[in-house]
Protein chains: 2
Amino acid sequence: MDIKDNRVIPVLNDQLCFAVYSLSLAISKVYRPLLKQLDLTYPQYLVMLVLWEGDQLSVSEIGEKLFLDSATLTPLLKRLEVSGLLSRERSSRDERQVIICLTTAGKQLRAQAGQVMETMLCAMGCSIEEVQGLRDRLNGLRNHLVMNLD
Amino acid sequence: MDIKDNRVIPVLNDQLCFAVYSLSLAISKVYRPLLKQLDLTYPQYLVMLVLWEGDQLSVSEIGEKLFLDSATLTPLLKRLEVSGLLSRERSSRDERQVIICLTTAGKQLRAQAGQVMETMLCAMGCSIEEVQGLRDRLNGLRNHLVMNLD
DNA sequence: TCAAATAAAATCGCTTGCAATTATATAGTG
DNA sequence: CACTATATAATTGCAAGCGATTTTATTTGA
């Protein structure tokens, strides 16, 4: 590879974007059978992780944490409501907001999440340092991109 | 954060998975307006990148390069066929295979892809070394996960 | 006060992504 | 040859994702 060729750099960057894309798909493919035992998809699992940290959040508060908007979250939350894991109720203080609360079943599901995380960690098979380093780099990159989206 | 707490490691790994997920979404959000000028989505762009390297590929050959299967590719390729960028024809040597060839319009579109890559590189804003390092690490992780999927 | 601006969620239409299944063609085996 | 096994695409059904728009509620400000 001739680094002096200016075309190399854009192509390299393209390869990085593809690496992120294909890794993301591979990760959900590993999560799928694990989460099937909890009757969750990966995005649903992410919502549950947020709510286990603390519920009574509005749709947009969840969206801020996960970088998703109501067009994605509303149908997803409705499915979790049908599953009996959470409730969706209009705030009486501000009728525009819909407040999400965990049900007892939703809170209890947390106990099974540990096993999923353990298995996933094992599947990834890399050191703490590598995980920390990668996480920070990727979050930095994402924050940089999200910042410039407006 | 207490690194002695064993729960920290699985959670860290979970954070890495989310970092990959959210970065992947952020990347497509940056690509979207750029690729709209070429009337392509990001997965369609990936298929075109593969074909620009060399066409006359079967659906599964494209799938191997992109880690996608026919359930995803067949409808996507049909849309690109309707757009006039490629042709889908059964191989006469093996009637099971569908061979994908670029049309003249499909080949010509390549000229506009350079601009997309340049703009994207600028949006990412990181050094060659960082791009190379990240790409290799993420590909390594993906290959490790894909290998253990059977 | 009250119309215009803003904010939150929902809805619509479209494109992935994929597990599971089906249809068809080829390869292999007796 | 026939007959099973395998390979390749296509199809089906569902769940994301999201741009664009709509609906309803709140805020602003003249």
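Basis for what follows: all heavy atoms, side chains included, without hydrogens, waters or symmetry-related copies. Residue numbers start from 1 in every chain, and the chains themselves are labelled A, B, ... in the order their sequence lines are given, proteins ahead of strands.
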Using heavy atoms and a sub-4.0 Å distance, could you list which residues of residues 36-43 of chain A are near DNA chain C? By number, please.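 None, since no heavy atom is under 4.0 Å.
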Sub-4.0 Å heavy-atom contacts from residues 22-35 of chain B onto DNA chain C, ordered by number: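 Close to the strand, none.
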Side chain of A:Arg96 - closest among D:dT26, C:dA10, D:dT8: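 Given the options D:dT26, C:dA10, D:dT8, the side chain of A:Arg96 is closest to D:dT26.
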Which nucleotide in the set C:dT11, C:dG17, C:dT16 lies at the smallest distance from any side-chain heavy atom of A:Lys78?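 Minimum distance to the A:Lys78 side chain belongs to C:dT11.
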From CG (B:Leu66) to CG (B:Leu49), nearest 0.5 Å: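 Here the rounded value is 8.5 Å.
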So what does A:Leu68 hit on the nucleic acid, given a heavy-atom distance under 4.0 Å: a base, only sugar-phosphate, or nothing?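 Since only primed, P, OP1 and OP2 atoms lie under 4.0 Å of A:Leu68, the category is sugar-phosphate.
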Which whole-number value in Å describes the distance from [X] [atom1] to [N] [atom2]?
X	N	atom1	atom2	answer
B:Glu89	D:dT8	CD	C1'	17 Å
A:Asp94	D:dT26	CG	C1'	6 Å
B:Glu81	C:dT15	CD	P	15 Å
A:Glu95	C:dA10	CD	P	13 Å
A:Ile62	C:dA9	CD1	C1'	12 Å
A:Gln44	D:dA16	CD	C1'	9 Å
A:Leu76	D:dG17	CG	C1'	11 Å
B:Leu73	C:dT15	CG	C1'	13 Å

Most 5' of B:Arg93 and A:Ser70 on DNA chain C, judged by nearest nucleotide: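 Its nucleotide being nearer the 5' end, the pick is A:Ser70.
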Would you mind telling me which residue lines up with the more 5' stretch of DNA chain C, B:Pro75 or A:Ala71, judged by nearest nucleotide?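 Residue closer to the 5' terminus by nearest nucleotide: A:Ala71.
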State whether the side chain of [X] and the backbone N or O of [Y] hold a donor-acceptor pair below 3.5 Å, judged by distance alone.
X	Y	result
B:Gln44	B:Thr41	yes
A:Thr103	A:Gly84	yes
B:Ser22	B:Phe18	yes
B:Ser91	B:Asp94	yes

Consider only side-chain heavy atoms of I, L, V, M, F, W and Y, link residues closer than 4.5 Å, and tell whether A:Ile99 and A:Leu102 are in one cluster.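 Cluster IDs for A:Ile99 and A:Leu102 differ.
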Run the salt bridge (Lys or Arg N to Asp or Glu O under 4.0 Å) check on B:Glu95 and B:Arg90 step by step: do they pass? CA-CA 6 Å; B:Glu95 291 278 346; B:Arg90 290 274 164 192; 5.6 Å; no
Take a 6.0 Å sphere around CG of B:Asp39 and say whether it holds more than 12 heavy atoms from other residues, nucleotides or ligands.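 Not buried by this count: 12 neighbours or fewer within 6.0 Å.
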Once you build an axis from the first five pairs and another from the last five of the helix from C:dT1-D:dA30 to C:dG30-D:dC1, how far apart in angle are they, to 10 degrees?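 Here the helix ends are tilted 0° relative to one another.
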Looking at every heavy atom in both B:Leu73 and B:Val59, which two are closest together, and how far apart are they?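 Scanning both residues, the minimum pair turns out to be CD1-O, 3.6 Å.
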Evaluate B:Gln56 against B:Ile100 for side chain to side chain contact (heavy atoms under 4.5 Å, CB included), listing each step before the verdict. CA-CA 5 Å; B:Gln56 302 203 351; B:Ile100 309 298; over 6 Å; no
Report yes if at least one side-chain N or O of [X] is closer than 4.0 Å to OP1 or OP2 of [N]; otherwise report no.
X	N	value
A:Thr74	C:dA10	yes
A:Ser58	C:dA8	no
B:Arg79	C:dT16	yes
B:Tyr21	D:dA16	no

Could you check if a side-chain atom of B:Arg88 sits within less than 4.5 angstrom of a side-chain atom of B:Lys78, using non-hydrogen atoms only?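 Counting from C-beta outward, B:Arg88 and B:Lys78 do come under 4.5 Å.
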May I ask you to decide if the ring planes of A:Tyr31 and A:Tyr45 are parallel, tilted or perpendicular, using 30° and 60° as cut-offs?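 Aromatic pair A:Tyr31/A:Tyr45 classed tilted.
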